[in-house]
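First comes the structure, then the notes that go with it.
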2 protein chains.
Amino acid sequence: MSERQKTLPLERYMRVAEVVAASHQSVGLTEIAVLTGLPKPTVHRLINALVDTGILEADGAHYKSFTVGRRLWRILYLGLDRDKVAGYAQIVCDDLAKEFKETCYMVRLGQRHVRAIARSAPDQGHRLHVLPGAELPPHAASSAKAILAYQDGETLDRLLPDPLPALTEHTITSRADLEVDLARVRETGYAICDREIDDNVMAYACPIHLAGAGVLYSLGVTGPCSRLRQIPTEELVAALKQGASRFADMLGAVAG
Amino acid sequence: MSERQKTLPLERYMRVAEVVAASHQSVGLTEIAVLTGLPKPTVHRLINALVDTGILEADGAHYKSFTVGRRLWRILYLGLDRDKVAGYAQIVCDDLAKEFKETCYMVRLGQRHVRAIARSAPDQGHRLHVLPGAELPPHAASSAKAILAYQDGETLDRLLPDPLPALTEHTITSRADLEVDLARVRETGYAICDREIDDNVMAYACPIHLAGAGVLYSLGVTGPCSRLRQIPTEELVAALKQGASRFADMLGAVAG
DNA sequence: AAGGTTGTTTCGTTTATTGAAACTTTGTTC
DNA sequence: GAACAAAGTTTCAATAAACGAAACAACCTT
């Protein structure tokens with residue numbers, strides 16, 4: 001019976017966000033105040049909170065104009081229909097697996113884990129253990145590292161166990177060493193897992209950059225060292241990067 | 001010097017939204033409480049507010065699971081890069097214009113107006129006055145009506161002038177008559193403008209339904225009555241609807 | 001330097017948020 | 001079907017944030 005009559009504070013935040021998103025060009029504070037019908041000081045405070053939270057971003061020199069921020073993009077990308085996304089991921093993995101005759105997989109950043117969402121194994125050859133739905137060791141898997149390299153400290157803390165368990169003798173077990181490796185990923189644009197999970201198994205992975213939302217997915221290839229080492233790294237990485245940007249286009253045809 | 005240390009209420013709203021968006025399956029209240037580290041009653045209230053605002057949506061029978069809501073999708077679509085969207089719109093218009101040899105255009109819902117974002121005129125023949133950037137009379141243009149038919153009352157109030165100016169003798173000038181016309185649009189799936197803006201000029205338009213976000217765009221054809229009447233309505237409407245869903249796919253390949 | 005515009009701070013009042021505790025509902029087990 | 005557990009909901013007093021009028025500062029114009 002008693003409907004919500006009072007406007008929640010959250011409601012006004014959203015109204016401001018909508019006006020900013022909907023406006024034809026970037027909008028200033030006064031214009032937002034007019035469009036929303038809210039008093040200027042109120043809008044000022046709302047905008048500041050929205051910017052602090054990452055929902056909006058200021059892009060003018062003197063705090064004059066605002067656009068949709070990373071945080072919001074992130075939520076939207078993460079909220080996408082899982083089956084559809086997995087479908088796209090599968091297509092990309094299949095093509096890549098066919099090209100290299102090795103197991104390819106795509107991985108997604110979750111709340112407290114990194115998880116495979118698609119996998120394609122070549123018909124012949126070993127079935128490797130990256131199954132869709134499987135969690136990957138964040139400090140060892142190349143696919144996980146490709147994502148972690150682009151997350152903030154807080155996210156890293158949430159994802160990385162302490163201490164980092166040694167899965168093989170090659171596993172990176174110190175946080176400092178891992179940070180160095182992640183810095184290398186950012187420099188080169190790809191991550192390697194060289195016998196860090198299993199002896200004789202290695203993997204390459206590239207981050208998938210989504211416009212506005214940073215890195216939430218990665219695309220990887222894995223296989224026995226003996227076979228993978230025969231493929232020139234540049235060739236493999238180039239194919240991964242191409243697959244990554246293809247997937248980003250599938251999702252992000254939409255984004256700025 | 002004094003950074004924001006206290007977490008804003010908005011920050012917690014966003015954290016809940018993120019957890020819901022990021023979680024692999026749909027999440028319940030208790031799980032959200034665990035993942036965010038917030039007390040259960042707090043999460044309960046936050047979720048309710050988020051659902052009331054349309055940021056999240058409950059999809060379980062008994063309020064058990066949540067997904068990203070319409071309101072958020074809407075912001076995403078509205079915040080899209082304008083040039084890219086206009087590019088897609090242009091492609092669709094060009095193809096349609098070529099098919100019917102009449103002027104085709106796409107129109108977008110703004111904060112207080114309906115505006116053309118793309119237009120394609122056939123090489124030969126009249127140049128009609130729908131130019132990109134032009135505002136359209138919301139109570140007369142078929143393209144505007146195709147959008148208005150799917151907006152809530154508040155949005156209608158914001159967009160429609162009072163009184164509705166008579167542009168020709170055929171213009172609908174009463175709000176009640178307009179509502180009837182809009183109801184017809186919802187039934188048939190297309191809008192007509194029959195000499196309501198100019199004598200001897202008519203137009204057809206179809207709404208573009210975006211997954212989760214409702215109708216924010218429409219696609220239309222316009223031309224002199226003499227020529228347009230010669231094309232079977234069903235054929236024209238079918239082509240418009242196809243173009244509309246093609247555009248929706250371009251933008252919304254991404255949406256649930 | 002006067003006049004308009006836009007963005008910012010202050011501050012007392014009002015209102016929402018917060019979370020422990022107690023409670024209700026729903027689902028499971030024996 | 002009673003007993004138990006788990007998930008969701010309500011209550012409520014202390015606390016914190018939102019609110020917006022007014023007054024202020026910065027920035028363009030002319």
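Just so you know, these numbers use all the heavy atoms, side chains as well, and skip hydrogens, waters and symmetry mates. Protein chains get the first letters and strands the later ones, always in sequence-line order, with residue 1 at the start of each.
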Can you give me every donor-acceptor pair (side chain of residues 32-39 of chain B, partner residue at least two apart or in another chain, under 3.5 Å) with its distance?
{"residue": "T36(B)", "atom": "OG1", "partner": "I32(B)", "partner atom": "O", "Å": "2.7"}
{"residue": "T36(B)", "atom": "OG1", "partner": "A33(B)", "partner atom": "O", "Å": "3.4"}
{"residue": "T36(B)", "atom": "OG1", "partner": "L38(B)", "partner atom": "N", "Å": "3.4"}

Residue L29(B), side-chain atoms from C-beta onward, closest of dT9(D), dG19(C), dT17(C)
dT9(D)
Report the secondary structure of DNA chain C in dot-bracket form, marking unpaired bases with a dot and bases paired to a different strand with |, and treating Watson-Crick or G-U pairs with both distances under 3.5 Å as paired.
||.||.|||||||||||||||.|||||.||
Residue T42(A), side-chain atoms from C-beta onward, closest of dG20(D), dT18(C), dT17(C):
dG20(D)
What's the CG-C1' distance between N48(B) and dT10(D), to the nearest Å?
11 Å
Can you name the nearest heavy-atom pair linking R74(A) to Q151(A), along with the distance?
NH2-OE1, 2.9 Å
In whole angstrom, what separates R15(B)'s CZ from dT17(C)'s P?
17 Å
Categorize L38(A) for me: base, sugar-phosphate, or nothing, with a 4.0 angstrom heavy-atom threshold over every strand shown.
nothing
Can you check whether A149(A)'s main-chain N or O pairs, donor with acceptor, with R186(A)'s side chain at less than 3.5 Å?
yes
Any sub-3.5 Å donor-acceptor pair from E196(A)'s side-chain atoms to I172(A)'s backbone N or O?
no
Looking at R175(A) and D157(A), does any basic side-chain N land under 4.0 Å from a carboxylate oxygen?
yes
Working to the nearest 0.5 angstrom, can you tell me the gap between C93(B) SG and I117(B) CD1?
7.5 Å
S174(A) (side chain) donor-acceptor with A176(A) (main chain) under 3.5 angstrom:
yes
d(CD, E11(A); P, dA17(D)) in whole Å
22 Å
Counting just side-chain N and O atoms, does R12(B) come under 4.0 Å of either OP1 or OP2 of dA16(D)?
no
Indicate, with a heavy-atom threshold strictly under 4.0 Å, whether T30(A) touches base, sugar-phosphate, or nothing.
sugar-phosphate
Look up atom CD1 in I75(A) and atom CD in E18(B), then write down how far apart they are to the nearest 0.5 Å.
4.5 Å
Under-4.0 Å side-chain N/O to phosphate OP1/OP2 contact, H44(A) with dT8(C):
yes
Which part of the nucleic acid does R45(B) contact within heavy-atom distance under 4.0 Å: base, sugar-phosphate only, or nothing?
base
How many Å lie between CD1 on I47(B) and P on dT9(D), as a whole number?
8 Å
Distances for protein N or O near nucleotides 20-22 of chain C N or O, under 3.5 Å:
none

Below 4.5 Å, heavy atoms only, C-beta onward: do V19(A) and E31(A) meet side chain to side chain?
no
In whole angstrom, give the distance that lies between atom CG of L8(B) and atom P of dC19(D).
12 Å
